[in-house]
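See structure below.
Just follow the structure's listing: the first ligand is 1, and inside any ligand the first atom is 1.
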Amino acid sequence: MLPSRSIMHSLENLPKNIWCVGRNYALHAKELNNPIPQTPLIFLKAGSTINIDKTIHLPSWTSDIHHECELAIQVDKNGTPKKFGLALDLTARSVQNELKKQQAPWTLAKSFTGACPVSSFVDWVSFADFCTLQFRFYRNGTLLQSGSPQDMIFSAQELLNYISLHFPMETDDLVLTGTPAGVGPLTPGDHLVGEILSREGFSLLHVTWDVM
Ligand code: ZN
């Protein structure tokens with residue numbers, strides 16, 4: 001059973017690597033006109049893109065940074081989950097669209113300075129309980145994204161198995177599990193709220209960010 005109230009830990013042990021999955025929610029793949037993948041589409045954000053502050057500084061070289069709110073899992077060396085929380089897979093969308101056209105890597109679009117704001121993290125539950133979580137993302141009071149692991153194309157367990165089979169996972173690495181539909185641009189002055197709820201609707205985690 002999920003606890004009705006969880007103890008939040010700020011992410012003291014920062015990840016070396018941030019393993020991300022693209023197009024893991026069918027409606028999000030559709031909103032960006034992408035096909036549904038047959039195997040997980042894995043890409044990296046550098047570990048040094050992590051931002052544990054409550055302030056998001058948008059880069060100066062683009063005005064088109066999108067939020068992608070995602071459940072994030074912190075793992076040990078074997079890919080066993082330890083904690084979970086929320087992360088924003090910030091994406092320079094027009095840059096990414098250009099890179100896609102060129103069939104070039106996404107590094108500039110996904111791994112720029114400050115590209116991975118994270119919430120506090122709570123202790124892991126079982127995969128079965130994780131699957132019943134819901135999460136929500138609000139920009140300036142408007143609900144823009146909501147999702148549940150039940151809607152993932154590849155489950156958390158499948159993602160962790162796939163990543164640990166192919167890649168050198170390290171203790172404290174993060175796995176970002178993909179974004180539901182509703183991505184969109186951020187503007188300086190935005191106030192962002194993310195939350196994770198249990199199936200019964202209890203708040204397990206709440207995070208706010210201010211965009212500069
Ligand atoms: Zn993403």
Side-chain angles (χ1 to χ4, degrees), residues 11 15 17-51 56 58-59 62 64-75 84-100 104-119 121 130 133-139 143-156 158-160 162-163 166-167 169 173-186 190 192 194-196 205 207 209 211:
L11 203 60
N17 306 296
I18 304 171
W19 309 96
C20 304
V21 57
R23 305 169 194 169
N24 201 29
Y25 287 81
L27 287 178
H28 170 64
K30 204 172 158 191
E31 75 178 341
L32 297 184
N33 294 315
N34 289 312
I36 307 262
Q38 300 300 306
T39 52
L41 172 61
I42 305 297
F43 63 92
L44 275 167
K45 288 165 109 74
S48 55
T49 64
I50 202 94
N51 172 11
I56 294 171
L58 295 176
T62 175
D64 191 25
I65 299 294
H66 275 203
H67 55 80
E68 294 190 358
C69 186
E70 312 197 0
L71 286 168
I73 301 172
Q74 191 168 41
V75 298
F84 67 95
L86 284 176
L88 297 181
D89 170 18
L90 295 184
T91 303
R93 189 70 69 202
S94 50
V95 172
Q96 187 194 29
N97 289 339
E98 193 53 43
L99 293 169
K100 275 187 200 166
W106 293 357
T107 310
L108 181 59
K110 289 288 195 179
S111 198
F112 53 87
T113 303
C116 192
V118 291
S119 68
F121 275 59
F130 183 79
L133 300 176
Q134 304 169 53
F135 65 105
R136 294 183 187 150
F137 174 81
Y138 300 81
R139 172 175 172 254
L143 176 65
L144 294 182
Q145 295 194 268
S146 63
S148 167
Q150 293 173 73
D151 304 326
M152 289 178 185
I153 295 169
F154 300 102
S155 70
E158 287 173 316
L159 289 177
L160 295 176
Y162 184 89
I163 294 168
H166 293 85
F167 303 111
M169 282 180 135
D173 279 3
L174 289 187
V175 173
L176 271 51
T177 57
T179 193
V183 302
L186 295 177
D190 282 349
L192 312 177
E195 60 180 358
I196 302 179
L205 187 152
V207 56
W209 290 283
V211 180

All side-chain contact (heavy atoms from CB on, under 4.5 Å) counterparts of [X], not counting sequence neighbours:
{"X": "Leu44", "value": "Asn17, Trp19"}
{"X": "Asn97", "value": "Arg93, Lys100"}
{"X": "Ser48", "value": "Ala46"}

Original post:
Do NZ/NE/NH1/NH2 and the carboxylate oxygens of Glu31 and Arg23 come within less than 4.0 Å?
Top reply: no

Subject >> Closer than 2.8 Å to the Zn ion (ligand 1) - protein N, O or S atoms, ordered by chain and residue number >> reply: Glu68 OE1, Glu70 OE2, Asp89 OD2

**OP:** With side chain to side chain contact (heavy atoms under 4.5 Å, CB included) as the test, would you mind laying out the steps for Arg136 and Ile196 before giving the verdict?
**Re:** CA-CA 7 Å; Arg136 294 183 187 150; Ile196 302 179; over 6 Å; no

Subject >> Side-chain touch Ser94/Thr62, heavy atoms, less than 4.5 angstrom >> reply: yes

